[in-house]
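Have a look at the structure below, then the notes.
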Amino acid sequence: MRIPCPFCGLRDLREFTYLGDATVERPDPDGADALARFVEYVYVRDNPAGPHREFWYHGSGCQSWLVVIRDTRSHEILGAEPASRAMVSP
Ligand SMILES: [Zn+2]
């Protein structure tokens, strides 16, 4: 599997580390139901079949955090962008 790093180009998977689901949002720690929301945030995950947004870290390259769109059925990489940009786009 190869990941198209937006800074380094197409690179081998072994240069990256998977860091988790990029579709969940960290709960407000000051919220009234913070404990229940953190339990769900940490332990409850969907298991989607198809394109999925994931955080990856390019540790053996530019050391950037990325959001990679990967098809969980085929492992095909459908896109990658810097996580900082992905977090502000809808
Ligand atoms: Zn890179």
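Just so you know, ligand 1 is whichever comes first in the structure, and atom 1 is the first atom listed for that ligand. Note that this is a predicted model, so its numbers are computed, not measured.
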Enter the distance from [X]:[atom1] to [Y]:[atom2] here, rounded to the nearest 0.5 Å.
X	Y	atom1	atom2	result
Glu76	Arg2	CD	CZ	15.0 Å
Tyr57	Ser64	OH	OG	8.0 Å
Trp56	Thr17	CH2	OG1	8.0 Å

Cut-off 3.5 Å, no hydrogens considered: what does the side-chain donor-acceptor table look like for residues 40-49, sequence neighbours left out?
unit_1: Arg45; atom_1: NH1; unit_2: Tyr41; atom_2: O; d: 2.3
unit_1: Arg45; atom_1: NH2; unit_2: Tyr41; atom_2: O; d: 2.9

Legend entry - Modelled atom types, side-chain donor and acceptor of His58 and Arg11, under 3.5 Å: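 Side-chain D/A pair, His58 to Arg11: absent.
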
Legend entry - Nearest atoms (heavy-atom pairs only) where Ala22 meets Phe55: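 Residues Ala22 and Phe55, closest heavy atoms: CA-CE1, 3.5 Å.
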
Inset, instruction - Could you give me a count of protein N/O/S atoms that are under 2.8 Å from the Zn ion (ligand 1)? - result: 4

